[in-house]
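Okay, structure first, notes after.
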Amino acid sequence: MPVSFIIAYYTPKMSQEAKSYGIDSCLCKDIFLTAFNDSAKISIILREMDMQSLETSQEANLLGILGGGQLGRMLALAAADLGIKVQFLDPAGMTAPAAVAARAVKGHFRDPDQVAEFAQNVSVLTVEIEHVHADVLHQLQDVDIQPPPKTIAIIQDKFAQKLHFQSAGIPLGEFSDVPDSSALSRAAQEYGYPFMLKSKRLAYDGRGNYIVKNEADLKSAVQKLGGFAHGLYAEKWQPFAQELSIIAVRARSGEMLLYPVSETVQKDSVCHLTETPAQISLAAKKAAERIARQAVGALDGAGVFGVELFLLADERVYLNEVAPRVHNSGHYTTDGCITSQFSNHVRAVMNLPLGDTSLKTGHAIMLNILGQADGEKGEEMARGLINRALQIPGCSVHWYDKHGVTRARKLGHINIVGNTLQEARDRLDLLDADALASLKTKPQPKVGIIMGSDSDLPTMKEAAAVLEELGVPCEVTLVSAHRTPDRLAEYARSAYERGIRVIVAGAGGAAHLPGMVAAQTSLPVIGVPVVPHSAVYKEGFDALLSIVQMPAGVPVASVAIGSGKNGGLLAARLLAASDPALYSRLLKYQKKMCNAVLKKAQRLETCGWRGYETATTGHLSLDSPAHIQEQPCR
């Protein structure tokens with residue numbers, strides 16, 4: 001039975017090629033349809049047909065991409081949604097991942113002649129990999145290239161990139177040129193061990209990096225990286241607490257938008273997973289965003305830039321490096337943000353309006369599907385991971401359709417979204433528990449518990465305890481309305497940006513703290529009347545009245561006098577309105593209380609009121625913990 005196969009581009013030469021194989025063909029607009037009896041001939045044609053011979057004329061809105069790997073694939077898919085046609089240059093031709101949604105031209109993106117010929121037939125030229133022939137791009141004066149060759153040249157030489165950003169005043173770790181063995185010895189003496197030895201060019205995904213652990217490693221490090229003639233430089237080891245990433249996009253007009261700060265986790269120097277937003281302090285977030293803007297601002301051109309950073313234990317942030325293209329750490333944006341990095345890169349280089357970079361979900365995690373073994377075994381393991389993902393809510397699979405599986409090769413990725421960080425992490429746990437274990441950062445607090453004095457702690461710690469039991473991260477600190485008014489204002493105004501969603505404020509004595517905090521923020525504020533030590537304050541009634549008698553426009557909720565636990569529970573209920581997992585935990589908490597009362601009721605009915613006695617008080621108490629060991633009836 002004949003097999004039909006469609007090649008998505010037609011040229012006269014392709015028709016001649018088909019006839020040489022004895023294949024009937026017909027031209028239907030620009031679609032070349034072949035029908036033949038031997039399906040094996042499909043692969044022969046794709047392999048042997050000279051795709052460099054595409055005889056095209058420049059089309060309007062034709063985006064050219066140097067490289068047709070997974071990044072080119074996702075760019076092409078995004079471009080299709082925008083009505084933009086894509087053509088790419090890649091050695092794999094029509095078997096490259098990008099061929100799923102773009103025209104293929106077989107050729108190497110580092111071959112000067114092939115790049116020059118390819119560039120003449122597109123409206124705009126961009127890259128999915130920075131390791132292209134920048135000198136050739138410089139010579140293409142009549143071609144619209146974004147980002148421009150100057151930017152690509154700076155970035156593809158990582159040492160030149162460091163010098164460029166250093167001259168722009170951007171904070172970096174220490175680094176130095178290593179042209180010979182003397183310079184290598186000086187770097188070892190100055191930086192100590194371990195330190196990083198890196199290739200200046202063609203370094204990515206762990207390639208071109210060597211951790212020099214001791215003096216014995218020096219010779220092998222140089223050999224592994226291709227020798228001094230290859231171009232080497234050294235970096236002082238950075239004892240970072242977290243690796244961060246920010247995807248930035250800049251329009252031709254100069255408008256720049258940032259995606260949320262992500263944490264990245266490496267596995268054998270290859271990106272393993274990302275989590276967004278990163279669980280970092282407000283100060284660290286602001287520093288990372290400032291440096292990202294500075295770094296991209298020091299470069300020319302439109303498009304997406306991937307900015308990698310180090311967060312040190314002391315909260316300092318250093319720039320690591322920048323990529324002039326869509327980036328692995330931004331893959332989560334496809335399912336986690338309103339506009340993906342791929343759509344925004346196409347928009348930027350094609351001079352279209354940029355899209356919203358905000359998260360459309362509470363949290364997003366990206367897990368790379370890396371080859372765990374070579375060949376069929378590796379493919380089988382990858383497929384097993386995909387099958388698990390398909391059974392988990394919030395998981396989306398993105399397969400790159402590469403030919404051949406090898407260890408550590410990027411085969412695809414899985415995006416995991418959740419309304420909350422805990423929900424996203426729970427889903428990751430179902431998918432890959434080892435990956436979850438690599439996320440060592442604790443969730444940022446959602447509830448702020450504050451009080452004016454540590455004398456309020458016995459009451460307010462009940463709020464922290466019940467939130468901890470419910471799995472709600474919180475912070476506890478002192479903020480005095482009268483003794484630290486500036487601290488109060490800063491705490492209240494910065495709470496939302498730091499991830500706080502509810503504030504529980506203890507009020508004793510003058511009891512002004514809840515109201516003054518509510519006046520400085522639009523977050524919900526819950527006041528807990530604290531019974532003061534002095535009887536002057538009428539056992540907390542003054543505090544209660546102070547909380548509830550707020551002027552119109554400054555609402556403060558309140559709970560029973562001295563009930564820190566209810567303050568914590570009310571905060572949890574407010575959060576649960578948009579967090580199904582937390583809502584479920586609250587239902588279980590209520591069921592637990594119900595069971596405790598029913599158990600005591602049964603015992604009271606069985607023993608009678610005279611015989612009822614617990615191991616602690618000997619009196620009926622519906623607030624007694626459910627786990628108290630009970631004595632026999634008497």
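Being a predicted model, the structure only gives us computed values, none of them experimental. Side-chain atoms are counted along with the backbone in the values below, which use heavy atoms only and exclude waters and symmetry mates.
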ask   = Any chance the side chains of Asn368 and Lys267 put a donor and an acceptor closer than 3.5 Å?
value = no
Across all chains, not counting sequence neighbours, the ring pair (Phe, Tyr, Trp, His ring centres under 6.0 Å) partners of Phe159 are Phe175, Tyr233
### Check against ring-ring contact (aromatic ring centres under 6.0 Å, His included), Phe342 and His331
CA-CA 9 Å; Phe342 305 103; His331 288 356; 5.6 Å; yes
Item to complete: Would you please test Gln139 and Asp135 for side chain to side chain donor-acceptor pair (under 3.5 Å) and show each step?
Response: CA-CA 7 Å; Gln139 296 169 16; Asp135 292 339; over 6 Å; no
Whether the Arg201 and Gln156 side chains hold a donor-acceptor pair (N or O, under 3.5 Å, no angle test) is what I'd like checked. yes
Check: Taking 4.0 angstrom as the limit, do Lys162 and Asp157 come out as a salt bridge?
Finding: no
Assess, by modelled atom type and distance only, whether the side chains of Thr276 and Ser262 contain a donor and an acceptor separated by less than 3.5 Å. yes
Checklist entry - Just by distance, do the side chain of Gln70 and the backbone of Leu411 share a donor-acceptor pair under 3.5 Å? => result no
Basic-acidic side-chain contact under 4.0 Å: Lys158, Glu321: yes
| message | A side-chain contact here means heavy atoms from C-beta on lying under 4.5 Å apart; do Glu243 and Val265 qualify? | response | no
(request) Look at atom NZ of Lys377 and say whether more than 12 heavy atoms of other residues, nucleotides or ligands are closer to it than 6.0 Å. (result) no
- Query: Sub-3.5 Å donor-acceptor pair from the side chain of Gln444 to the main-chain atoms of Ile280, do we have one?
  - Reply: yes
Test your reading of the model: is there a side-chain donor-acceptor pair from Thr361 to the backbone of Gly336, 3.5 Å cut-off? no
Check your understanding: Yes or no on side chain to side chain contact (heavy atoms under 4.5 Å, CB included) for Lys85 and Leu63, after CA distance, side-chain angles and deciding distance?
Key -> CA-CA 6 Å; Lys85 293 183 179 180; Leu63 174 62; over 6 Å; no
inquiry  = Applying side chain to side chain contact (heavy atoms under 4.5 Å, CB included) to Met74 and Val326, what does each step give before you reach the verdict?
reply    = CA-CA 9 Å; Met74 290 179 277; Val326 289; over 6 Å; no
(message) As a quick check of understanding, evaluate salt bridge (charged side-chain N to carboxylate O under 4.0 Å, His left out) for Glu128 and Arg73, giving each step before the final call.
(response) CA-CA 9 Å; Glu128 69 131 29; Arg73 178 189 183 95; over 6 Å; no
Quick one, Met256 with Val296, criterion side chain to side chain contact (heavy atoms under 4.5 Å, CB included). Give me CA distance, side-chain angles, the key distance, then yes/no. CA-CA 9 Å; Met256 188 190 304; Val296 176; 3.7 Å; yes
Between the side chains of Gln391 and Asn387, does any donor sit under 3.5 Å from an acceptor?
-> no
Please step through side chain to side chain donor-acceptor pair (under 3.5 Å) for the pair Thr126 and His345, ending with a clear verdict.
CA-CA 9 Å; Thr126 191; His345 184 79; 2.9 Å; yes
**Study point:** Side chain Arg252, main chain Val349, donor-acceptor under 3.5 Å
**Key:** yes
Answer yes or no: is there a donor N or O on one side and an acceptor on the other, between the side chain of Asn320 and the main chain of Glu308, under 3.5 Å? no
Does any N or O in the side chain of Arg250 come within less than 3.5 Å of the main-chain N or O of Glu255, such that one atom is a donor and the other an acceptor?
no
All heavy atoms of Ile416 vs all of Cys395, minimum pair found to be CG1-SG, 3.8 Å
Would you indicate whether the side-chain heavy atoms of Leu62 and Gln87 approach each other to under 4.5 Å? yes
What one should report as the nearest heavy-atom pair of Cys337 and Tyr259 is SG-CD2, 3.8 Å
- Can Tyr332 and His413 be counted as having a side-chain donor-acceptor contact under 3.5 angstrom? no
Do the side chains of Asp144 and Leu125 get nearer than 4.5 Å, heavy atoms only?
no
Task: Geometric cation-pi criterion, Arg383 with Trp399: 6.0 Å, 45° - done: yes
When every non-hydrogen atom of Lys410 is compared with those of Leu370, the smallest separation belongs to CG-CD2, 3.7 Å
For residues 65-104, the ring-ring contact (aromatic ring centres under 6.0 Å, His included) pairs (sequence neighbours left out) are none
- Without swapping roles, check the side chain of Glu130 against the backbone of Val127 for a donor-acceptor pair under 3.5 Å. no
Subject >> Expected output: side-chain Gln114 to main-chain His108 donor-acceptor under 3.5 Å >> reply: yes
Would you tabulate the side-chain donor-acceptor contacts of residues 285-293 under 3.5 Å, counting partners in other chains and residues two or more places apart, or write 'none'?
from, atom 1, to, atom 2, distance (Å)
Lys285, NZ, Glu289, OE2, 3.2

*pair Ile365-Asn415: side-chain heavy atoms closer than 4.5 Å*: no
For Leu197 and Ala221 the tightest heavy-atom approach is CD2-CB, 3.8 Å
Closest heavy-atom pair, Thr264 versus Ser245, reported as atoms and distance to 0.1 Å, is CG2-CB, 3.7 Å
message: Between Gln146 and Ala302 (side chain of the first, backbone of the second, donor and acceptor by atom type, cut-off under 3.5 Å), is there such a pair?
response: yes
- Message: Testing the 3.5 Å rule here: is there a donor-acceptor pair between the side chains of His363 and Asn419?
- Response: no
Shortest non-hydrogen pair, Val346 vs Leu82, comes out as CG1-CD1, 3.9 Å
| request: Run the ring-centre check on His133 versus Phe109 and record whether the distance is less than 6.0 Å. | output: no
List the steps, then state whether side chain to side chain contact (heavy atoms under 4.5 Å, CB included) holds for Val249 with Arg347.
CA-CA 10 Å; Val249 58; Arg347 292 171 184 231; over 6 Å; no
Inset, instruction - Would you check if the side chain of Arg409 reaches a backbone N or O of Gly404 as a donor-acceptor pair within less than 3.5 Å? - result: yes
